[in-house]
Amino acid sequence: MASANGKVVEEEGVEDDVVEIKEKPLDIMRYMDAVRDSSAGAIATFSGTTRDTFEGQEVLELRYEAYETMAYRELRKICQAARERWELKRMAVAHRTGIVPIGQESVFIAVSSIHRQDALKACQFVIDEIKASVPIWKKEIYNNGESWKQNSEFLTRNTT
Amino acid sequence: MASANGKVVEEEGVEDDVVEIKEKPLDIMRYMDAVRDSSAGAIATFSGTTRDTFEGQEVLELRYEAYETMAYRELRKICQAARERWELKRMAVAHRTGIVPIGQESVFIAVSSIHRQDALKACQFVIDEIKASVPIWKKEIYNNGESWKQNSEFLTRNTT
Amino acid sequence: EKMQIRVRAQLFAHARELAGGVSEVSLEVDDGWTTAQCFEDILTRFPALKSLASCLTLALNDSYVDKNAPPILVRDGDELALIPPISGG
Amino acid sequence: EKMQIRVRAQLFAHARELAGGVSEVSLEVDDGWTTAQCFEDILTRFPALKSLASCLTLALNDSYVDKNAPPILVRDGDELALIPPISGG
């Protein structure tokens with residue numbers, strides 16, 4: 001975009017944001033490096049990690065599945081929405097699919113900004129929005145059965 | 001601590017938290033691994049990174065100095081305070097001293113919890129508290145001078 | 001006489017399992033059908049999905065279909081998706 | 001006759017610079033002195049600190065001294081610190 005004096009001002013935008021869905025371990029440091037910026041003073045991140053227990057039952061394995069084309073689109077919409085609410089530098093959002101071993105990241109979000117409030121708030125916003133709208137599913141495998149999980153955030157948003 | 005039936009219940013406490021002040025690059029992954037826990041579903045982190053500009057002036061270098069014994073004590077108090085407010089699993093807080101090159105982490109905080117709200121809120125709390133009370137100082141070196149910075153959070157808290 | 005159009009329907013997660021593992025169906029429907037009608041057609045072909053039907057959300061060409069909005073007509077080449085309650089993040 | 005006690009005072013950051021690089025001073029003061037009196041003593045010895053004095057906070061044995069609280073007596077072996085406005089994080 002051109003600024004008032006005609007000079008071209010480079011503005012970070014969602015087109016530069018890193019958005020990935022992959023069936024591999026998430027490379028946390030790569031995403032943090034992607035958002036690191038010499039003009040930013042803050043990086044906030046969120047990792048969703050897989051737990052070994054759900055309501056007292058031992059979880060043996062977790063499997064994630066994505067509707068990829070739509071998930072990419074929803075993730076970019078979320079990044080754009082975050083940018084409209086806060087002053088952000090760079091963003092990176094990644095979700096893992098397939099089997100995710102216990103204790104490993106299923107989702108990772110990194111946001112950088114000049115002032116910490118923006119990154120911290122945006123990071124919270126992104127994970128909340130992912131849970132409410134991105135078409136990705138998790139299945140928990142127990143000793144004696146399995147269960148497709150349901151995010152209350154999605155159910156709340158989609159209750160007619 | 002012993003629970004009602006007499007069994008010893010292992011409870012994460014501030015004595016297990018990682019608190020470090022060192023004149024070396026902060027090893028982010030080590031801190032994230034320190035808070036990773038198979039019973040935790042969330043890890044929130046915050047990195048304060050050094051900026052190349054302050055109010056239009058180019059910052060050439062940043063130097064951090066700590067009153068170490070008191071800084072360690074204040075950091076542990078902050079971790080304890082966070083644990084009293086939220087349900088947390090593990091915490092790691094590290095601050096770098098000496099010369100910190102532009103774009104690198106001066107402070108890093110990682111918090112894990114079962115539910116994301118606790119980690120996210122605690123992470124924000126910890127960085128806010130560090131800026132208000134931990135005896136560490138930053139000096140910015142410019143082309144034509146230098147300046148000891150002052151956190152408004154500290155000034156606000158200490159205004160008589 | 002109505003033209004026939006082709007709509008690709010994808011089934012995910014629990015929906016796919018209830019449909020016996022079917023992840024994709026090519027529907028041939030009348031031009032002028034709505035997403036809801038396509039959905040009903042799928043339920044007829046895979047009756048086991050009826051137990052999940054009230055939980056399912058539809059998406060058309062990567063956008064959620066709002067159950068409360070006016071009906072949306074499908075067009076030739078459209079992609080429909082049956083979306084069970086999500087659980088990512 | 002009052003006993004003399006020894007208090008170790010540390011100067012940090014801008015305070016140390018204004019004191020010509022002095023980072024630590026061993027004070028010998030009268031038993032019964034307060035932290036404020038020790039502070040005044042330091043200001044007398046390093047007058048350049050006076051320009052910063054109103055911004056300085058004291059800490060005694062790793063705890064902040066509250067300017068609004070009753071005066072605190074120093075004891076032999078105590079550690080005082082002159083703390084300019086902090087800027088960590």
Side-chain angles (χ1 to χ4, degrees), chain A residues 21 46-51 54 62-78 93-98 100 105-109 123-140 146-160, chain C residues 7-27 34-36 38-40 42-43 46 48-72 74-75 77-89:
Chain A
I21 299 170
F46 178 80
S47 309
T49 54
T50 53
R51 292 169 53 200
F54 180 75
L62 290 107
R63 297 179 196 158
Y64 287 84
E65 170 179 336
Y67 176 12
E68 283 200 24
T69 53
M70 188 174 172
Y72 269 103
R73 186 178 152 144
E74 288 295 312
L75 286 171
R76 289 211 179 271
K77 280 164 66 180
I78 291 169
V93 184
H95 206 298
R96 186 170 172 184
T97 53
V100 181
E105 282 84 356
S106 51
V107 64
F108 185 75
I109 301 158
C123 198
Q124 161 115 50
F125 172 81
V126 171
I127 183 59
D128 288 346
E129 288 298 306
I130 287 175
K131 286 196 166 277
S133 79
V134 177
I136 292 175
W137 299 268
K138 172 171 81 174
K139 189 177 189 182
E140 283 177 353
E146 48 187 48
S147 169
W148 286 103
K149 309 304 298 179
Q150 304 185 0
N151 289 346
S152 57
E153 296 89 340
F154 178 86
L155 297 172
T156 304
R157 194 167 287 194
N158 283 274
T159 304
T160 43
Chain C
V7 172
R8 172 194 180 204
Q10 292 190 76
L11 283 68
F12 290 97
H14 200 183
R16 179 189 62 254
E17 286 183 354
L18 287 175
V22 172
S23 59
E24 192 174 314
V25 189
S26 186
L27 306 174
T34 63
T35 55
C38 293
F39 181 46
E40 288 301 319
I42 294 167
L43 291 181
F46 303 96
L49 278 175
K50 290 179 184 170
S51 64
L52 193 61
S54 59
C55 298
L56 287 174
T57 305
L58 295 181
L60 183 67
N61 300 327
D62 292 347
S63 282
Y64 285 109
V65 171
D66 182 353
K67 290 172 187 164
N68 299 324
I72 297 173
V74 294
R75 298 191 294 189
D78 273 355
E79 302 212 354
L80 198 65
L82 269 61
I83 296 192
I86 64 174
S87 37

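Below, read A as the first sequence line, B as the second, and so on, with proteins coming before strands; counting in each chain starts at 1.
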Pairs of heavy atoms under 4.5 Å with chain A: top-ranked of Q10(C), E17(C), E79(C): E17(C)
Relative to chain C, which of R96(A), K131(A), R63(A), E153(A) shows the most heavy atom pairs under 4.5 Å? K131(A)
CZ-CG distance between F39(C) and L58(C), expressed to the nearest 0.5 angstrom: 5.5 Å
Criterion side chain to side chain contact (heavy atoms under 4.5 Å, CB included) on D62(C) and Y72(A), from CA distance to verdict: CA-CA 9 Å; D62(C) 292 347; Y72(A) 269 103; over 6 Å; no
Proximal component of A71(A), with respect to chain C [non-hydrogen, under 4.5 Å]: neither
Is N61(C) close to chain A through its backbone or its side chain, or both, or neither, when contacts mean heavy atoms under 4.5 Å? backbone
Given G89(C), S87(C), P84(C), the one with more heavy-atom pairs under 4.5 angstrom with chain A than any other is S87(C)
Spell out, as yes or no, whether a donor-acceptor pair under 3.5 Å connects the side chain of E105(A) to the backbone of S47(A). no
With respect to chain C, which residue among T97(A), I130(A), T69(A) yields the maximal number of heavy-atom pairs within a distance under 4.5 Å? T69(A)
Taking 4.0 angstrom as the limit, do E140(A) and K149(A) come out as a salt bridge? yes
Proximity breakdown for Y64(A) and chain C, heavy-atom pairs closer than 4.5 Å: side chain
Determine whether R157(A) and E129(A) satisfy the following criterion, side chain to side chain contact (heavy atoms under 4.5 Å, CB included), listing intermediate values before the conclusion. CA-CA 10 Å; R157(A) 194 167 287 194; E129(A) 288 298 306; 2.8 Å; yes
Which atom pair, heavy atoms only, marks the closest approach of F46(C) to V25(C)? CE1-CG2, 3.8 Å
